[in-house]
Amino acid sequence: LSFNLLGVFQAQAAADVSNLNADGLSLQTGSLYTQPVDPKGKLFLSSWLDPDGSDNDQYVWDSFTLPSNGMINEIDWYGGYGPLMSGKGGPVAAFTLAIYPSIAAGTEPAVANPPLVKYKIGGNAGETSIGMAGGATIYSYIFNLPAPFAVSAGVKYWVQIEAFQQGSIPDWCFVAGSGGDGSHYLRTSGAGGDILYRTVPGDVAFTLLGSAEGAL
């Protein structure tokens with residue numbers, strides 16, 4: 001692994017700033033939740049062939065839970081292009097980013113219903129190379145939400161991010177993360193054009209930034 005991630009993670013883990021709100025609680029600002037890049041460098045395909053899709057499309061959701069009520073202002077994530085695809089997907093043309101609730105059992109995202117929020121991000125979300133892992137160049141991405149997204153303490157939410165590509169085979173992937181529950185949720189194609197949803201091993205790398213309540 002040849003990452004220069006120290007500055008990235010130092011920024012994510014920067015000391016929180018406290019401000020007193022009207023309820024007598026301190027408002028902690030900074031990193032709310034993070035699943036840092038796993039040094040093993042495994043990649044998880046999460047991309048869509050623009051404009052009509054393909055049988056090779058695959059989407060990833062990963063869960064998070066906050067210990068306190070919070071407001072998400074920014075989402076950062078880490079990914080790369082599958083080295084075995086030889087660039088067949090082409091560069092990222094856009095991203096879709098969404099946050100879903102869980103089903104009642106809390107074991108998977110409620111994909112049968114619309115997401116709580118969904119954003120179309122034009123361009124490549126500030127794609128910036130940060131090193132190599134698993135034979136692939138790893139990139140960081142950033143998105144500032146147009147309005148803060150409110151999160152309730154102890155509730156499991158799911159982040160879904162997929163790239164739009166215009167090549168012949170989609171090949172953009174999340175890089176593996178660590179520190180989550182060790183699994184993510186996957187949409188993929190099955191035989192005869194069927195759509196399959198399943199839970200698979202592995203976290204993906206992302207960070208949520210914003211503010212959270214904390215008692216003084």
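Starting from 1, each residue takes its place in the sequence as its number. For the numbers below, each heavy atom of this structure counts, side chains included, while hydrogens, waters and symmetry mates do not. Just so it is clear, the structure is predicted and the values come from calculations on it, not from any experiment.
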Looking only at heavy atoms, what is the nearest atom pair of [X] and [Y], with distance?
X: L43; Y: G82; answer: CD1-CA, 4.2 Å
X: P148; Y: M71; answer: CB-CE, 3.5 Å
X: L116; Y: P101; answer: CG-CD, 3.6 Å
X: L97; Y: I75; answer: CD2-CD1, 3.7 Å
X: I195; Y: Y197; answer: CG2-CE1, 3.6 Å
X: L66; Y: L32; answer: CD2-O, 3.7 Å

Apply ring-ring contact (aromatic ring centres under 6.0 Å, His included) to Y141 and list each qualifying residue two or more places apart in sequence or on a separate chain.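 Counting only residues at least two positions away or on another chain, Y141 forms a ring-ring contact (aromatic ring centres under 6.0 Å, His included) with W77, F95, W172.
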So, using side chain to side chain contact (heavy atoms under 4.5 Å, CB included) as the criterion, who are the partners of [X] when residues are at least two apart?
X: E74; answer: D76, I142, N144, L209
X: Q160; answer: Y59, W61, A98, Y100, E162
X: N69; answer: S152, A153, E213

In Å and rounded to the nearest 0.5 Å, what is the [atom1] to [atom2] distance from [X] to [Y]?
X: L208; Y: I72; atom1: CG; atom2: CD1; answer: 4.5 Å
X: S63; Y: D181; atom1: OG; atom2: CG; answer: 4.0 Å
X: D50; Y: Q166; atom1: CG; atom2: CD; answer: 4.5 Å
X: K42; Y: C173; atom1: NZ; atom2: SG; answer: 11.0 Å
X: E108; Y: I103; atom1: CD; atom2: CD1; answer: 4.0 Å

Report the residues that fulfil side chain to side chain donor-acceptor pair (under 3.5 Å) with S178, sequence neighbours left out, ordered by chain and then residue number.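 Once residues adjacent in sequence are excluded, S178 has no partner under the side chain to side chain donor-acceptor pair (under 3.5 Å) criterion.
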Evaluate the side chain to side chain donor-acceptor pair (under 3.5 Å) criterion for residues Q165 and D171: first the C-alpha distance (whole Å), next the side-chain angles of each, then the deciding distance (0.1 Å), finally the verdict. CA-CA 8 Å; Q165 296 181 271; D171 67 348; 2.7 Å; yes
Applying ring-ring contact (aromatic ring centres under 6.0 Å, His included), which residue pairs with at least one partner in residues 114-139 are found, sequence neighbours left out?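 ring-ring contact (aromatic ring centres under 6.0 Å, His included) check on residues 114-139 returns Y81-Y139, Y119-F143.
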In this structure, would L45 and W158 fall into the same cluster of hydrophobic residues linked by side-chain contacts under 4.5 Å?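 Shared cluster, no.
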Look at the side-chain heavy atoms of Ile, Leu, Val, Met, Phe, Trp and Tyr, link any pair under 4.5 Å apart, and say whether L186 and L49 land in one connected group.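 Each belongs to a different hydrophobic cluster.
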Is the ring centre of Y33 less than 6.0 Å from the ring centre of F206?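 Between Y33 and F206, the centre distance is under 6.0 Å.
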How about F174 and F44: are their ring centres within less than 6.0 Å of each other?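 No: the rings miss the under 6.0 Å criterion.
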Should D62 and Q35 be marked as a side-chain contact (heavy atoms from CB on, under 4.5 Å) after you check the CA-CA gap, both sets of side-chain angles, and the distance that decides it? CA-CA 10 Å; D62 206 356; Q35 292 181 183; 2.9 Å; yes
So for atom NZ, which belongs to K156, do other residues, nucleotides or ligands contribute more than 12 heavy atoms lying within a distance under 6.0 Å?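 Yes - once you tally the heavy atoms of other residues, nucleotides and ligands closer than 6.0 Å, there are more than 12.
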